[in-house]
There are 2 protein chains.
Amino acid sequence: MNKLLVTVDIVLFTLLERRLQVLLIKRLAPPFVGSYALPGGFVLEDESLDAAAQRELHEETGVDASNGDVYLEQLYTFGEPGRDPRGRVVTVAYYALVSNSQILKAGTDASDASWFAVDELPQLAFDHTQIIEYAHRRIRNKLDYTSVGFELLPEKFTLTELQVVHEAILGEKLDKRNFRRKILQQGIVEATKELQKAGRKPAQLYRFSS
Amino acid sequence: MNKLLVTVDIVLFTLLERRLQVLLIKRLAPPFVGSYALPGGFVLEDESLDAAAQRELHEETGVDASNGDVYLEQLYTFGEPGRDPRGRVVTVAYYALVSNSQILKAGTDASDASWFAVDELPQLAFDHTQIIEYAHRRIRNKLDYTSVGFELLPEKFTLTELQVVHEAILGEKLDKRNFRRKILQQGIVEATKELQKAGRKPAQLYRFSS
DNA sequence: TCAAAAGTGTTGAAGATACACCCATGG
DNA sequence: CCATGGGTGTATCTTCAACACTTTTGA
């Protein structure tokens with residue numbers, strides 16, 4: 001009948017500069033002052049774990065997961081004694097996927113937050129390096145049998161943008177023709193009537209079809 | 001800085017009568033007196049979550065997971081407020097796979113424990129039905145890309161026994177020739193020099209090769 | 001001699017991989 | 001006019017699915 005401290009930490013991914021990146025927050029209080037750490041915090045008495053994750057995500061990063069357009073999923077629970085020098089803390093880790101456009105909406109008021117490429121992380125507080133690796137592994141596997149890729153893109157996107165997402169997550173180049181064939185014959189995207197006019201040559205915009 | 005009750009619950013699977021079965025314990029104390037529930041209990045101040053799961057498994061079922069021959073893996077953490085009428089309880093669920101022979105070794109001193117086929121569960125306490133479904137789904141998926149099946153068998157086994165394990169987990173019949181070819185060309189089993197003499201026709205015994 | 005489980009190959013379909021060129025646009 | 005990214009098809013290989021009969025043994 002032993003009560004323990006329970007926190008949620010969130011590995012927030014996005015795609016920036018064609019690379020998979022994670023949001024980290026510089027710690028202002030001990031322990032690990034000055035190190036970067038995952039956004040997160042304590043679970044309140046009367047909120048679910050998912051709700052706590054949503055709340056912390058919003059408080060610390062400005063990203064709003066309460067409407068359906070942020071993918072948020074429980075990852076794993078870390079509870080080694082000694083993983084937090086302040087005492088026994090059990091952390092339920094989550095990961096979240098947001099598009100570039102949602103980040104901009106969220107604004108940068110969480111001032112000590114910055115993005116880091118997953119393969120170039122700084123030294124992190126606690127066991128957060130391990131948690132991020134675990135999350136990265138999870139989405140890599142998930143890409144094989146689901147359509148998580150869309151969660152990192154805005155509502156409308158080109159197939160090349162989707163391919164870049166897959167390449168960033170998998171860490172390898174994909175063949176353009178094979179990729180397009182696979183996505184199209186899976187029937188999980190549908191063409192919109194719009195073209196992206198930004199680039200050199202206008203590209204067909206697609207949207208995710210449930 | 002809110003402390004919460006943290007428990008571990010274990011979904012212990014085995015294969016009995018060619019069916020996937022789960023160990024349940026009849027509750028003697030409120031709430032849910034007389035209902036069946038998963039074995040589990042509170043996490044102590046200075047033990048890891050894995051250690052707590054191992055300890056509870058041993059205390060409540062007699063199964064010893066401290067040597068390597070029980071497969072024990074964290075499943076998911078359930079923390080809805082209201083899932084336990086006594087108050088806020090966060091449960092880190094685990095699942096474990098044991099062979100028939102390990103059960104017999106463990107003995108039946110945990111007197112109010114009984115096995116139930118996963119597809120014929122009684123009414124359960126708390127949200128334990130949901131936890132078992134989650135665990136069942138996990139091992140079904142895992143069967144596609146790993147070799148969890150072995151964990152439900154003794155060290156030496158025939159290919160037909162392995163096939164029965166797969167069929168019990170997947171809930172469908174498999175083609176014998178296709179199954180054997182797949183397993184053999186994966187190279188994850190090796191033939192021993194022994195034959196099983198029990199049945200009608202002697203069968204080659206295999207063992208798992210790491 | 002019968003019942004029960006062991007063991008064994010082939011074919012066709014579907015899915016995955018490798019691979020190269022032309023086109024439209026903006027600078 | 002050139003650099004950039006958009007867009008397209010085919011041949012091959014690998015993988016998966018369907019399918020039936022013979023053998024050994026104990027009762």
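In what follows, every chain begins at residue 1, and chains take the letters A, B, ... in the order their sequences are listed.
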>> For B:Phe157 together with B:Phe150, are the ring centres under 6.0 Å from each other?
In response: yes
>> side chain to side chain contact (heavy atoms under 4.5 Å, CB included), that's the test. Do A:Arg83 and A:Thr91 meet it? Break it down for me.
In response: CA-CA 10 Å; A:Arg83 55 181 291 280; A:Thr91 290; 2.9 Å; yes
> Do A:Asp112 and A:Arg27 pass the salt bridge (Lys or Arg N to Asp or Glu O under 4.0 Å) test, and can you show the C-alpha distance, the side-chain angles, and the key distance before you say yes or no?
Replying inline: CA-CA 8 Å; A:Asp112 283 307; A:Arg27 286 187 59 83; over 6 Å; no
>> Tell me every residue that passes side chain to side chain donor-acceptor pair (under 3.5 Å) with A:Ser48, counting only those two or more places apart in sequence or in another chain.
In response: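 Applying side chain to side chain donor-acceptor pair (under 3.5 Å) to A:Ser48 gives none.
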> By side chain to side chain donor-acceptor pair (under 3.5 Å), which residues pair with B:Arg55, not counting sequence neighbours?
Replying inline: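 Testing B:Arg55 for side chain to side chain donor-acceptor pair (under 3.5 Å), a comparison that skips the adjacent residues, returns B:Glu47, B:Glu59.
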Give the table of side-chain donor-acceptor pairs shorter than 3.5 Å for residues 129-136 of chain A, with sequence neighbours excluded, one pair per line with atom names and distance.
residue: A:His136; atom: ND1; partner: A:Arg140; partner atom: NH2; Å: 3.4
residue: A:His136; atom: NE2; partner: A:Ile169; partner atom: O; Å: 3.3

> Which residues, if any, of residues 143-173 of chain B bring a heavy atom under 4.0 Å of DNA chain D?
Replying inline: none
>> For DNA chain D, which residues of residues 174-188 of chain B approach it to below 4.0 angstrom with any heavy atom?
In response: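 B:Asp175, B:Arg177, B:Asn178, B:Arg181 - these, ordered by number, are the residues of the stretch whose heavy atoms sit under 4.0 Å from the strand.
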Rounded to the nearest angstrom, tell me the gap between atom [atom1] in [X] and atom [atom2] in [N].
X: B:Leu195; N: D:dT25; atom1: CG; atom2: P; answer: 10 Å
X: A:Gln196; N: C:dT25; atom1: CD; atom2: P; answer: 14 Å
X: B:Arg200; N: C:dT1; atom1: CZ; atom2: C1'; answer: 13 Å

>> Once you measure the plane-to-plane angle for B:Tyr95 and B:Tyr71, does it fall in the parallel (<30°), tilted (30-60°) or perpendicular (>60°) bin?
In response: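 Ring orientation of B:Tyr95 relative to B:Tyr71: tilted.
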> Is any N or O donor-acceptor pair between the side chain of B:Lys201 and the base of C:dA5 shorter than 3.5 Å?
Replying inline: no
>> Once side-chain contact (heavy atoms from CB on, under 4.5 Å) is applied, do any residues pair with A:Arg180, and if so which ones, sequence neighbours excluded?
In response: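 Only A:Leu159, A:Thr160, A:Lys176 meet the side-chain contact (heavy atoms from CB on, under 4.5 Å) criterion with A:Arg180.
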